[in-house]
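Nothing fancy with the numbering, it's 1 onward along the sequence.
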Amino acid sequence: MLEKQKSISSETILQAATALVRRLGEGKTSMVDIGKALGVSHAALYRLYPSKSAIMDAIVRQAMDDEAELASKWLEREGPAADRMLNMILDIHHRKRSRFSGDREIHDLYRRIMVERQDMIRVYAERMTLLIATLIAQGVERGEWRVSDVSVAAGVVRDGVTPYIHPQFVAQAVDAGAPVENQLRAMVTTLTRAFEAGVDYRPTSPGH
């Protein structure tokens with residue numbers, strides 16, 4: 001009589017896969033290894049994930065979800081919008097930096113995905129930009145900032161802080177010993193003070 005297959009969930013698969021990636025690296029982690037770690041045949045994994053690539057994508061999505069959660073908490077905090085914007089970006093930067101310094105295999109996986117899976121990165125960028133836009137809208141509603149177009153302002157912030165939160169740029173800056181956090185603070189301060197002074201993104205007519 002055949003032994004009943006052990007029940008597994010997508011979450012337990014991701015936990016086992018993440019632990020293996022941290023120990024062996026993405027390249028040396030196989031579906032067979034993940035199955036062995038869970039005490040099941042690797043064929044059982046395919047019921048929930050069609051491939052190893054799908055599992056690796058899911059690991060990175062978890063990291064992206066974590067970053068979005070870090071950012072979103074600043075929408076509920078008290079205090080000036082400028083302070084909350086700075087802390088939101090600092091939290092994301094610190095998480096990327098700690099992943100590079102102390103969780104290198106996951107950092108490398110994340111970095112590869114950012115190059116190869118533009119669809120995932122586009123969704124992530126849209127999600128983070130929306131969080132930034134929500135915070136800017138709060139600042140405008142409270143009279144702290146004046147911007148003519150919240151969505152344009154959010155894109156400006158996103159593009160301005162990308163060098164401080166992109167895994168590749170963070171890795172290069174840390175290796176070079178650059179004063180990244182000071183630069184990040186200066187960038188965000190420049191943007192938020194511009195919002196305080198007022199920014200009109202509407203095109204001016206010729207001659208003006």
When hydrophobic residues are tied together by side-chain contacts of less than 4.5 Å, even through go-betweens, does [X] share a cluster with [Y]?
| X | Y | result |
| --- | --- | --- |
| I55 | L38 | yes |
| M114 | I89 | yes |
| V188 | V140 | yes |
| I92 | V180 | yes |
| L109 | V170 | no |

Quick check for you: to the nearest 0.5 Å, what is the distance between [X] atom [atom1] and [Y] atom [atom2]?
| X | Y | atom1 | atom2 | value |
| --- | --- | --- | --- | --- |
| T192 | M85 | OG1 | CE | 8.0 Å |
| L191 | M187 | CG | CE | 6.0 Å |
| L130 | L135 | CG | CG | 11.5 Å |
| Q15 | I8 | CD | CD1 | 12.0 Å |

Inset, instruction - Check the pair D33, S30 against side-chain contact (heavy atoms from CB on, under 4.5 Å), reporting the backbone distance first and the verdict last. - result: CA-CA 5 Å; D33 294 325; S30 68; 3.0 Å; yes

For the residue pair [X] and [Y], what are the closest heavy atoms and their distance?
| X | Y | answer |
| --- | --- | --- |
| I34 | A17 | CD1-CB, 3.8 Å |
| Y164 | H93 | O-ND1, 2.7 Å |
| L70 | D91 | CD1-O, 3.9 Å |
| L131 | S72 | CD2-CB, 4.0 Å |
| M128 | A71 | CE-CB, 3.9 Å |
| Q138 | L75 | NE2-O, 3.1 Å |

[Y] side chain reached by [X] side chain, heavy atoms, under 4.5 Å:
| X | Y | answer |
| --- | --- | --- |
| L86 | L184 | yes |
| R146 | D200 | no |
| D83 | P80 | yes |
| E105 | R23 | no |

Inset, instruction - Report the C-alpha separation of D159 and T162 in whole Å, then their side-chain angles, then the decisive distance to 0.1 Å, and conclude whether the side chain to side chain donor-acceptor pair (under 3.5 Å) test is met. - result: CA-CA 5 Å; D159 295 344; T162 291; 4.8 Å; no

Inset, instruction - List for me each residue that meets side chain to side chain contact (heavy atoms under 4.5 Å, CB included) alongside A154, sequence neighbours excluded, and say none if there are none. - result: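 A154: side chain to side chain contact (heavy atoms under 4.5 Å, CB included) contacts with T129, I132, A133, I136.
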
Inset, instruction - Could you check E196 against E144 for side-chain contact (heavy atoms from CB on, under 4.5 Å), going step by step and ending with a plain yes or no? - result: CA-CA 6 Å; E196 289 170 10; E144 299 174 35; 5.9 Å; no

Inset, instruction - Find out whether the Lys NZ or Arg CZ of R104 is both under 6.0 angstrom from the six-membered ring centre of F100 and within 45° of the ring's axis. - result: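 Relative to the ring axis of F100, which defines the angle, R104 lies inside both limits.
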
Would you mind checking if [Y] and [X] are paired as a salt bridge, meaning a charged N to carboxylate O distance below 4.0 Å?
| X | Y | result |
| --- | --- | --- |
| R112 | E26 | yes |
| D149 | R202 | no |
| D103 | K96 | no |
| R99 | E67 | yes |
| K73 | E69 | no |

Inset, instruction - Please work out which of the three classes, parallel, tilted or perpendicular, describes the rings of Y46 and H42, given edges at 30° and 60°. - result: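 Perpendicular: the ring planes of H42 and Y46 meet at over 60°.
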
Inset, instruction - Using the side-chain contact (heavy atoms from CB on, under 4.5 Å) rule, take I59 and M56 through it: C-alpha gap first, then chi angles, then the decisive distance, then the call. - result: CA-CA 5 Å; I59 291 173; M56 298 301 112; 4.0 Å; yes

Inset, instruction - Taking ring-ring contact (aromatic ring centres under 6.0 Å, His included) as the test, write out the residues that go with F195, two or more places apart. - result: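 Testing F195 for ring-ring contact (aromatic ring centres under 6.0 Å, His included), a comparison that skips the adjacent residues, returns W145.
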
Legend entry - Evaluation steps, side-chain contact (heavy atoms from CB on, under 4.5 Å), between Y49 and L14: CA-CA 10 Å; Y49 291 100; L14 289 186; 3.3 Å; yes

